[in-house]
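First up is the structure itself, then whatever we jot down about it.
Atoms considered below: every heavy atom in the structure, side chains included; atoms not considered: hydrogens, waters and symmetry mates. Everything numeric in this text was worked out from a predicted model, so none of it was measured.
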Amino acid sequence: MTNQPVAAKPDSGGAISDFGIDTTTQSTSEAVRDFFVRLRSGDLGSMPAVLGLGALVLYFWTQSESFLTLDNTANLIAQGSGKMIIAMGLVFVLLLGEIDLSAGTASGVCAAVMAMHYVRAGNLVGGMGSTVFYVFVGGMLVAAVLAVIMRIWAGAVFAMVAVTIAMLGVGPNPWIEMLLALCVGTAIGVITGFLVSKIGMPSFVVTLALFITWQGVILQFIGQGGVFGIGTQPVLFSVANGNLSVLGSWILFAVGVVGYAGVVLGEHFIRVSKGLVTAPTPIVVGKVAAVTVIAGLATFAFTLNRSPNDFVVIEGVPYVVPIVLVLLVIGTYVLNRTRYGRHIYAVGGNAEAARRAGINVPKIRASVFVVCSSVAALGAIVYSSKVGSVDPQAGGLNTLLFAVGAAVIGGTSLFGGRGKVIHAVIGGLVLAVVENGLGLLQQPAAVVNIVTGLVLLLAASVDALSRRRAAVAVR
C-alpha cells in the first residue's frame, strides 16, 4: 500500500484536524488564485519594482531612439553594476532591520588602496607615508583580533592577508590589488560589526560616524584634487569595460540556463516525489522556459556588433553580467539554502525569539556588516574600473543612497525580515534606467535626483503599506 498525500480537513471548530497540510498539492488554477490572495494581503515582493521597470523602459524607449540600442544597453548595465553590487551586500544588513551608511565610503577606501597599490608599484609605505601606513596596518591587525573575538574566522584571515600584502610590499598585480581591496573591505566590516553587535551602538550612529571617517581616509590617501588612474591596467580596466567572446557568451548562457533549470526542476520533482507542497509543474516549467527565452534573446543581442564605429568591433556579453550573476547565485544560495541564511531571517524577524532558539544573535548581527563591506569592495572594483580612476569622491556623493535605494526599490523591507538578493538587482536596474534615460533626454542632475528620490519614496511607501495590509490580514 503506497502512502498518498492526505488533504487537511477542518474540524467542526475550523481548526486543522490533521497534519497532512504539508503534503497537500495545488492545481494550476489554485496556485494562481493563491498568488492573487497573497498580493491582496500585502505580500507584493518585487512585483511593484518589476512593473515599474517595465514602465520606465517603455517610456524612455518612446522618448529616445538611442535608449534601447545595444551600445546603450550594455553601457547602462556597466554604469549601474557597481551600485547594484553594493546594494546586494546591503540586503544582508537590511534583513536585520539595520542600516550601513558607511558602505559607500568604505568601498571608496577599498578602491583607493587598490589604486594606490597599482600606481605606487606595490609600495604602500611610499604612497601613504610611514605614519599613515603603520596606522593602516595597525587597523588591519585590530580588525583581525576583533574577528577572532567574534569568531568570524573569514574576517581574521582576510585582515591578515591585507597585512601580509602591505608589509611584504608585493609588486603590482591586478589580481593582488583586487584581493587587497576585498581584504580591506572585510576588515572594515569587522570593525563596524564589532561596534554594533558587541559595544551595542546603534548602527545608524556607528555607520554615520564611519561614513565621515572613511571620507577623510580617502582624502588622506589620494590628496585634495588628486586622482589615481587605473585605466592603463588592462585587467582592472576590463572588469567593467570588457566583454566575453561570442563563444564565451554562449557558454555562459548554456551554463546559466542548465544550472538554473537543474536547480529549479530538480527541487520541484524531489518535492513532488516526496509528496511535499510545491508549485504546479506547468508553472515551474513555464518559469524555466521564460528565463531560457529571455536569456537566449539577450545573449544573441549582445553577441552582435554594437560599435558605432565601422572600424571597431564590440561584441559579447559584458564581463559585469557574469560577475553580477555569480554574486546573485552565491547570495541567494547563502540566504535560502544555508543555516546561516535561515538565522539571518530569524534574527530579522524576531531577534529575541531567535536568541531563545539558540542563535548567536550578536555574531549574526556582526557578520552581516562583514558581508556588506566585503561586497561593497567588489562594487568598488567595478565602478572604479568603469571610470578608469579613483578620486577623493570615490564611494561618496550618491553612491550609498543609490545602493540603499536599489535594495528598497527592489522589494527589500527597511523593517527587516523580508528581502532577497535579487531585489538589489531589480532595484539597481530601475535606478540605472532612470539615470541613463534622463541623461539621454539631456535632463540636468537636479531632475535626476528629484526623480530618483521620488521613486525611492514611492518604494518605501509601498513597503510600509504592504506591511500594514499584511498585519491586518493576519488579524
Side-chain angles (χ1 to χ4, degrees), residues 49 82-110 150 185-186 188-215 331 335 341 343-351 354 361-380 395-421 423-424 427-428 431 452-453 455-464 466-467:
K83 297 168 186 174
M84 185 187 299
I85 291 172
I86 297 176
M88 289 182 178
L90 279 164
V91 167
F92 285 76
V93 175
L94 294 175
L95 281 172
L96 296 192
E98 304 283 359
I99 189 68
D100 189 350
L101 299 176
S102 65
T105 51
S107 73
V109 172
C110 300
M150 295 185 292
T186 303
I188 289 174
V190 169
I191 295 172
T192 307
F194 181 83
L195 293 174
V196 172
S197 67
K198 291 296 186 180
I199 304 301
M201 299 172 65
S203 60
F204 180 88
V205 176
V206 171
T207 57
L208 177 60
L210 290 178
F211 171 86
I212 300 170
T213 301
W214 301 140
Q215 276 192 323
L335 288 178
H343 287 180
I344 290 177
Y345 282 113
V347 174
N350 190 320
V361 174
K363 182 178 180 180
I364 293 296
R365 181 169 280 123
S367 67
V368 296
F369 287 96
V370 177
V371 172
C372 179
S373 293
S374 300
V375 176
L378 299 178
L397 301 176
N398 292 328
T399 300
L400 171 73
L401 301 179
F402 278 39
V404 174
V408 175
I409 290 169
T412 298
S413 176
L414 285 168
F415 301 96
R418 190 177 69 197
K420 300 177 182 179
V421 179
H423 292 165
L431 292 179
T452 303
V455 170
L456 177 56
L457 182 62
L458 178 61
S461 300
V462 170
D463 178 33
S466 64
R467 288 181 67 89

*So how far is it from Ile188 CD1 to Cys110 SG, rounded to the nearest 0.5 Å?*
4.5 Å
_With rounding to the nearest 0.5 angstrom, report the NZ to NZ distance, Lys198 to Lys363._
10.0 Å
*Hey, what do you get for CG (Leu195) to CG (Leu210), rounding to the nearest 0.5 Å?*
6.5 Å
*Minimum heavy-atom separation for Ser374 to Thr186, with atom names?*
OG-OG1, 2.8 Å
*asked:* Quick check: closest heavy atoms across Gly185 and Ser373, and the distance to 0.1 Å?
replied: O-CB, 3.0 Å
*Approximate separation, where rounding is to 0.5 Å, of Leu208 CG and Ile212 CD1*: 5.0 Å
*Work out which heavy atom in Leu400 is nearest to a heavy atom in Gly104; give both atom names and the distance.*
CD1-N, 4.0 Å
*Closest approach of Tyr345 and Gly419, non-hydrogen atoms and distance?*
OH-O, 2.6 Å
_Any heavy-atom pair between the side chains of Phe211 and Thr207 that's under 4.5 Å?_
no
*Per the side-chain contact (heavy atoms from CB on, under 4.5 Å) rule, which among Ile364, Leu335, Val368 passes with Leu95?*
Leu335
*Check Ser107 against Ala380 and note the closest heavy-atom contact, atom names and distance.*
O-CB, 3.1 Å
*Got a sec, which pairs hit salt bridge (Lys or Arg N to Asp or Glu O under 4.0 Å) with one end in residues 82-96, sequence neighbours left out?*
Lys83-Glu435
*Can you tell me which residue pairs pass the salt bridge (Lys or Arg N to Asp or Glu O under 4.0 Å) test with a partner in residues 88-100, sequence neighbours excluded?*
Glu98-Arg365
*Answer whether the closest heavy-atom distance between the side chains of Ser197 and Phe369 falls below 4.5 Å.*
no
*Give, for atom CG of Leu101 and atom CG of Leu90, the distance between the pair rounded to the nearest 0.5 Å.*
9.0 Å
*asked:* Taking the side chain as everything from C-beta on, heavy atoms only, tell me whether Val421 gets closer than 4.5 Å to Phe92.
replied: yes
*Check Gly405 against Leu431 and note the closest heavy-atom contact, atom names and distance.*
C-CD1, 4.0 Å
*Hey, does Ile86 have a side-chain heavy atom less than 4.5 Å from the side chain of Val375?*
no
